[in-house]
Amino acid sequence: MYKIIDGKFHSAEIRKEIAARAAKYKAASGKDIGLAVVLVGEDPASQIYVRNKIKGCEEVGIKSYASYLPAESTEEQVKELVQSLVDDENINGILVQLPLPKHIDQQAVLKLIPKEKDVDGFCEENIGSLCLNKDCLPACTPNGIMKMLERENIAISGKNAVVIGRSAIVGKPMAMLLLNANATVTICHSKTENLPEICRQADILVAAIGKANFVTNDFVKQGAVVIDVGMNRDKDGKLCGDVDFQSVKDKCSYITPVPGGVGPMTITMLLYNTVVAAERTLCILNLTKNTAIICNISMKNCKNSATKS
Ligand code: GUN
C-alpha cells in the first residue's frame with residue numbers, strides 16, 4: 001500500500017515554523033524580514049507566481065517589496081533596480097522572476113545578487129557551495145523535496161536515487177542535495193539510453209522532465225519512493241505530472257500527487273530561505289559587534305559568519 005506525500009500539509013507546517021522564526025527575528029532586530037520580488041513584463045504565469053509569493057510573505061509575516069518593470073525595460077534599467085535592492089539593508093532576499101524578456105541577459109542580472117540574498121539559489125556562488133556541500137541557499141523546489149523526504153522519515157543515505165532531468169533549477173541541484181545526503185545518484189536526461197531500466201534501480205525516483213505522464217509502471221521498482229516535479233496539461237487540458245500516477249501508484253511506498261505534492265513546497269521554501277538569509281545577517285551583526293547572540297537562533301545558521309568575524 002502506498003502513502004501519499006501531502007505537500008499542502010508539509011507546506012502549512014513549515015509555514016508555521018517560518019512565521020515563528022520571522023517573529024523572533026523582529027523581536028531581536030526590531031525589523032521585519034524583507035523579500036524583494038522583481039517582475040519584468042506581463043507574462044500571465046509569472047504574474048500569478050509573483051502574486052502567490054507576495055501572498056505567502058503576508059501569511060508568515062515577511063515584508064514584501066514588489067517592483068514591476070515594463071517588458072520594454074533595458075537591461076541597464078533592470079540591473080539598476082536589482083543593484084538598489086542589493087544595497088538596501090532592509091531587504092534580506094531578492095527574487096527576480098524568470099524568464100526575463102529575451103533582450104535581457106538573465107545571467108548578467110542574476111550575477112548582481114550576492115550569495116547572501118540569493119533566496120532562489122540560482123547564483124553561481126550558491127550552486128558552487130551546494131556542489132562543495134558547504135552552507136548555501138539551495139534552489140527552492142529541490143530543497144522542498146528534501147524537506148518532505150526528511151519530514152516523512154524516508155532514508156536517503158546509501159539508497160539509489162535517480163533524477164530524470166538536468167535543469168539548473170531542479171535536476172542538477174536535486175542530484176547534488178541527494179548526493180550530499182549520501183545517496184548514490186544517477187542523473188538521466190533526453191539522451192539517456194535504457195531509461196526505464198535505469199529508473200528501475202531507483203529507491204528514490206525524481207521525475208523533472210516536463211512531459212505529461214511520462215513515467216509509467218515499467219520505470220518503477222517495487223517499493224520505490226516516487227517524486228513528481230511535473231506541472232503539465234494532459235490532452236484534455238487537465239493538470240498532470242510527469243508521472244502516470246494511476247499506472248505506478250501500486251508499486252510505490254511513497255508518491256507525491258500532482259497537484260498537491262511538490263508544488264505547494266516551492267514558495268514555502270522561498271520563504272524559508274528568506275528567513276535563513278535574514279537570520280544569518282543578524283548573526284553577522286551580533287558577532288561583529290562582539291556581543292552575545294541576543295536572538296535564540298540556531299547556531300547552525302551562523303556557521304559562515306562565525307568564521308568571518
Ligand atoms: N520562474 C519559474 N519558476 C521560478 C522560480 O522558482 N524562481 C524564479 N525566480 N523564477 C521562476
Side-chain angles (χ1 to χ4, degrees), residues 7 11 14 18 34-57 62 64-69 71 73 75 78-79 81-82 85-86 91-102 104-127 130 136-148 165-174 176-177 206-210 227-233 239 241-242 258-259 261-277:
S11 169
I14 296 166
I18 295 168
L35 173 65
V37 182
V38 177
L39 176 60
V40 185
E42 289 87 34
D43 176 65
S46 291
Q47 284 174 330
I48 294 171
Y49 283 132
V50 163
R51 208 176 310 136
N52 287 336
K53 287 169 187 179
I54 292 168
K55 233 168 81 186
C57 285
I62 290 176
S64 62
Y65 297 79
S67 303
Y68 301 96
L69 289 180
S73 305
E75 187 174 312
V78 177
K79 281 175 158 174
L81 169 65
V82 171
L85 301 170
V86 170
I91 287 171
N92 303 101
I94 301 171
L95 172 143
V96 178
Q97 187 64 31
L98 302 179
L100 288 171
K102 285 202 168 57
I104 297 174
D105 179 352
Q106 222 156 257
Q107 276 312 315
V109 173
L110 294 181
K111 248 197 178 121
L112 295 174
I113 305 173
K115 178 186 173 188
E116 292 75 16
K117 291 193 178 188
D118 173 33
V119 286
D120 248 337
F122 290 172
C123 84
E124 290 176 8
E125 212 185 335
N126 256 324
I127 294 166
L130 177 62
C136 65
L137 297 169
C140 301
T141 300
N143 203 16
I145 293 169
M146 294 303 284
K147 268 270 175 231
M148 286 199 293
R166 55 177 159 177
S167 71
I169 296 180
V170 182
K172 282 179 188 160
M174 183 78 250
M176 281 303 150
L177 285 166
V206 181
I209 2 161
I227 306 293
D228 189 350
V229 187
M231 268 290 185
N232 315 294
R233 297 270 166 197
L239 193 64
D242 291 348
V258 176
V262 172
M265 292 295 288
T266 299
I267 293 180
T268 295
M269 295 313 288
L270 170 75
L271 305 172
Y272 184 87
N273 273 352
T274 307
V275 168
V276 171

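Just so you know, ligand 1 is whichever comes first in the structure, and atom 1 is the first atom listed for that ligand. One-based numbering along the sequence shown.
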*Asks:* Do F122 and V96 touch side chain to side chain, with heavy atoms closer than 4.5 Å?
*Replies:* no
*Asks:* What are the two closest heavy atoms between L85 and K117, and how far apart are they?
*Replies:* O-NZ, 3.2 Å
*Asks:* Answer side chain, backbone, both or neither: which part of M231 comes under 4.0 Å from ligand 1, heavy atoms only.
*Replies:* neither
*Asks:* Can you report which non-hydrogen protein atom sits closest to atom 8 (C) of ligand 1, along with the distance?
*Replies:* D120 OD2, 3.3 Å
*Asks:* Using a plain distance cutoff, I'd like to know if L95 has any nitrogen or oxygen under 3.5 Å from a nitrogen or oxygen of ligand 1.
*Replies:* no
*Asks:* Taking only heavy atoms of V96 into account, list the atoms of ligand 1 that are under 4.0 Å away from them.
*Replies:* 8 (C), 9 (N)
*Asks:* Might you confirm whether atom OH of Y65 has over 12 heavy atoms from other residues, nucleotides or ligands at distances under 6.0 Å?
*Replies:* yes
*Asks:* Hey, does M269 sit under 4.0 Å from ligand 1 if you only count heavy atoms?
*Replies:* no
*Asks:* State, yes or no, whether a side-chain contact exists between K115 and E124 at a heavy-atom distance under 4.5 Å.
*Replies:* no
*Asks:* I need the L95 CG to T274 OG1 distance, nearest 0.5 Å.
*Replies:* 8.0 Å
*Asks:* How far is atom 10 (N) of ligand 1 from the closest protein heavy atom, and which atom is that?
*Replies:* L98 N, 3.0 Å
*Asks:* Rounded to the nearest 0.5 Å, how far does CG of N273 lie from OG1 of T268?
*Replies:* 11.5 Å
*Asks:* Just to confirm my output: which protein heavy-atom neighbour is closest to atom 4 (C) of ligand 1, and how far is it?
*Replies:* Q97 NE2, 4.0 Å
